[in-house]
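This one's a predicted model, so the numbers in the text were calculated from it and none came from an experiment. Counting convention: from 1, in listed order, for ligands and their atoms alike.
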Amino acid sequence: MIKEILEKQYLEKDDIKSLLLTEGDEMKLLLDKALAVKLSKLDNYIHLRGLIELSNICRKSCLYCGVRSGNKLVERYSLTDDEVIECAKLAYELGYGSVAIQSGERNDKAFTDRITLLIKRIKEIGDGALGITLSLGEQTAEVYREWFEAGAHRYLLRIEASNENLYYKIHPNDSTHDFKKRLDCIDTLLSIGYQTGTGVMIGLPFQTVDDLADDLIFFRKKDVAMVGMGPFIPHPDTPLYQYADEIPSVEDRMNLTLKMIAVLRLMMPEINMVAATATQTVDPLGREKAVLAGANVIMPNLTPNKYREDYLIYPDKACVGDKPEQCSSCLDLRMKSIKHEILYNAWGDSKAFVKK
Ligand code: SF4
C-alpha cells in the first residue's frame with residue numbers, strides 16, 4: 001500500500017496522512033524515495049543562508065516563543081548597523097552566498113527605514129554578491145515592496161499552523177495575532193515577487209495528523225518557493241509549556257518532522273527546504289537526517305556570540321556557542337559525511353521559483 005502511494009504523481013490528503021503515519025521499514029521507504037527525488041531534481045547541493053538575528057525586541061506574544069514580549073526574563077538587544085554589516089561581510093568571506101535577517105516583529109517606521117538602509121548596504125558588499133532573505137514578520141504591502149526594491153528577494157513568514165483553530169491555540173486571539181492578516185501577508189509577498197517561504201512547527205499541543213496533512217496541502221496550494229519546518233520544542237518561560245507533558249516524545253516529533261519534509265519533497269520536488277536548527281537541537285544528527293529526508297538549505301548562525309543566548313525562541317538551541325568559522329568547517333564535514341556538497345558563493349535560489 002505505501003509502495004503504491006509512493007508511485008503516485010499527485011498525493012491526495014488520505015495518501016499524505018498514510019505517509020505521515022508510516023513507521024519502521026515503511027518510513028524508510030518514504031525517506032529513501034524523497035532523497036531519490038531530491039537528488040534527481042536538485043542534485044546533492046546544499047545552499048547556505050548566513051543567519052543574522054538582528055534583534056529580539058518584538059511587539060508580539062506568540063504563546064510558544066521564548067522572546068515573546070510577555071517574557072520579562074529576556075534581556076532585549078538589537079545589533080548595531082555596523083554589527084549587521086560585519087556579519088554580512090563574514091558571510092561573503094566565508095562564501096555563504098546569502099544572508100537571512102531575522103528579528104522579533106516591529107513595524108514602526110524607524111525600524112522599517114533602518115532595514116531598507118541595511119539591505120542597501122548589504123547589497124554593496126561584493127557588488128551585489130549576497131542574496132538576502134528577510135524574516136521580519138507581518139508588514140504592510142508598501143514596506144514589503146520597499147524592501148524588495150532595495151534588494152531583498154526572499155521572505156520567510158511561517159504560518160506556524162494553517163488550521164485557524166490551532167493557530168489561535170498557539171497565539172493570543174487578538175488583533176496583533178490575526179490569522180487572516182498572516183494569510184494576507186503571505187499572499188502579498190507572493191504577489192510582489194518574493195521567493196516566499198512559510199512553514200510550521202511539528203508536534204504542537206492539540207495538533208493532529210489531519211492538521212499536518214492540511215499544512216502540506218496549504219504549502220502546495222500557495223505554491224511557495226521555500227519551506228522551513230522543525231520540531232516544536234517547549235520553552236519553559238512560555239504559556240504553551242504547560243502542555244509539555246502532553247505532546248509527542250522528542251523521538252516522535254523528530255520522526256514526524258522527517259516525514260513531513262519527505263512527503264513535501266514528493267509533493268513539491270523543486271522547492272528549497274530548510275534543515276532547521278531545531279532538528280539538531282533534538283537530535284545530534286538532526287540536520288543530516290533532515291537533509292537525507294529531502295531538505296537542501298542550512299542556516300549557519302552569524303549572530304555575534306554575545307547576543308545568541310538572548311535569541312532563544314526555544315531552549316537549548318544547537319551551536320549557540322560556535323564561532324562562525326568553526327560552524328562553516330563543521331558543516332562542510334557534516335555534509336560530506338552524508339555525500340552532500342555545499343554550494344559556495346551562490347544565491348541558491350529555489351529551482352521551483354526560477355522555473356516559474
Ligand atoms: S515567534 Fe516571532 S513574532 Fe512571535 S513572539 Fe517570537 S519573535 Fe515575536
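Classification of the W147-Y144 ring pair by plane angle, with boundaries at 30° and 60°, yields perpendicular. Between W347 and H153, the two ring planes are tilted [angle within 30° to 60°]. Taking the six-membered ring where tryptophan is involved, the planes of Y194 and Y155 are perpendicular, since the angle between them exceeds 60° and thus also 30°.
Every atom of ligand 1 with a heavy atom of C58 under 4.0 Å away is listed here by number and element: 3 (S), 5 (S), 7 (S), 8 (Fe). Heavy-atom contacts of C62 reach the following atoms of ligand 1: 1 (S), 3 (S), 4 (Fe), 5 (S) (cutoff under 4.0 Å).
Checked for salt-bridge contact, K72 and D237 miss the test: no charged N lies under 4.0 Å from a carboxylate O.
Because the distance cut-off is set at 2.8 Å, C65 fails to qualify as a neighbour of atom 8 (Fe) of ligand 1, as none of its N, O or S atoms comes that close.
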